[in-house]
Amino acid sequence: MNKRAIGIPVGILGGTFDPVHYGHLRLAEEMLELAHLRQIRFIPAGTPPHRDVPQVSAQHRSAMVQLAIADQPAFVLDEREVRRAAPCYTVDTLLELRAELGAEQPLCLLMGGDAFLQLHTWHEWERLFGLAHIVVGYRPGFTLEERINSTTLALRSHYQQRISSADALSQQPAGAIVELAIPKLEISATLIRSRVAEKRTIRYLLPNPVADYIHQHNLYITC
Ligand code: ATP
């Protein structure tokens, strides 16, 4: 018997967004389409617990996300992490969203394959599966299955038990891992920061209003 859909999933894309760029935006746009999401919430990190402190303030990073997503009504800026006092973990964000949106609402935590292979380093990472699905963008022609052996036994075993097709995302509120073939643009925030510091062009790596914002506010002029 076919399983019934319980709701249209909401996507969550967390990141430092230091700055946001077309790699993030294409990942979100492809996932919106392939995972049939109703909305994607872009959630800039405040003080990320497991990576370097962002180079520019949360206010600047949020403002750049707002400019970047202005013409896509399905993309929404969610500033809850930048408002919260540090440290701030994804598990806490998902607990809040679950309380606000209800127990039945399917939630999808979106990430690139590189981020997924490090998931076991996140705070209370195994609780994430009880709160959201995890949707991983991976390069076409490659699969996570080929890379999963390079990670921990615990992450491998969750992957093997939970890997599902995109249909699962609307049939249960949380708990599936779905892999989507998404071409990765070779763009990173690191690349953009170093290009600005070297006074090189960043045009076409990110939306023009974000590039203009960076120049107007003299962001990233030192690496
Ligand atoms: P940095 O260069 O500072 O490490 P970044 O460009 O990787 O930053 P993040 O804010 O760390 O950006 O990324 C947020 C999410 O977006 C992560 O899940 C990451 O895997 C994904 N992502 C980043 N860049 C790309 C890209 N070019 N294509 C697809 N996904 C990406």
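Because only heavy atoms are used, hydrogens play no part in the values below, and waters and symmetry mates are left out as well, while side chains stay in. Atoms within each ligand, like the ligands themselves, are counted from 1 in listed order.
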> Asp78 and salt bridge (charged side-chain N to carboxylate O under 4.0 Å, His left out): which partner among Arg84, Arg41, Arg83?
Replying inline: Arg41
Numbering as shown, the atoms of ligand 1 that approach [X] to under 4.0 Å (heavy-atom distance):
{"X": "Leu185", "answer": "26 (C), 27 (N)"}
{"X": "His21", "answer": "6 (O), 24 (N)"}
{"X": "Gly14", "answer": "14 (C), 15 (C)"}
{"X": "Gly15", "answer": "10 (O), 14 (C)"}
{"X": "Met111", "answer": "18 (O)"}
{"X": "Asp114", "answer": "20 (O)"}
{"X": "Phe17", "answer": "10 (O)"}
{"X": "Arg193", "answer": "3 (O)"}

Between [X] and ligand 1, is there a nitrogen or oxygen pair with a distance under 3.5 Å?
{"X": "Thr190", "value": "yes"}
{"X": "Ile187", "value": "yes"}
{"X": "Leu13", "value": "no"}

>> To the nearest 0.5 Å, what is the distance between CD1 on Ile12 and CG on Leu110?
In response: 7.5 Å
>> Once rounded to the nearest 0.5 Å, what's the spacing between atom NZ of Lys184 and atom CD1 of Ile182?
In response: 12.0 Å
> Which of parallel (below 30°), tilted (30 to 60°) and perpendicular (above 60°) describes His120 and Trp125?
Replying inline: perpendicular
> What closest approach, in Å, do Ile148 and Arg156 show between heavy atoms, and which atom pair accounts for it?
Replying inline: O-CD, 3.7 Å
> What heavy-atom pair brings Val76 and Ile69 nearest, and what distance separates the two atoms?
Replying inline: C-CD1, 3.6 Å
> Just going by heavy-atom distances, which of Met31, His24, Gln118, Gln55 is nearest to atom 9 (P) of ligand 1?
Replying inline: His24
Which pairs would a plain distance check flag for residues 198-213, meaning a side-chain donor or acceptor within less than 3.5 Å of a matching protein atom at least two apart in sequence or in another chain?
{"from": "Thr201", "atom 1": "OG1", "to": "Arg203", "atom 2": "N", "distance (Å)": "3.1"}
{"from": "Tyr213", "atom 1": "OH", "to": "His60", "atom 2": "ND1", "distance (Å)": "2.7"}

> Can you name the residues that form a ring-ring contact (aromatic ring centres under 6.0 Å, His included) with His21, not counting sequence neighbours?
Replying inline: His24
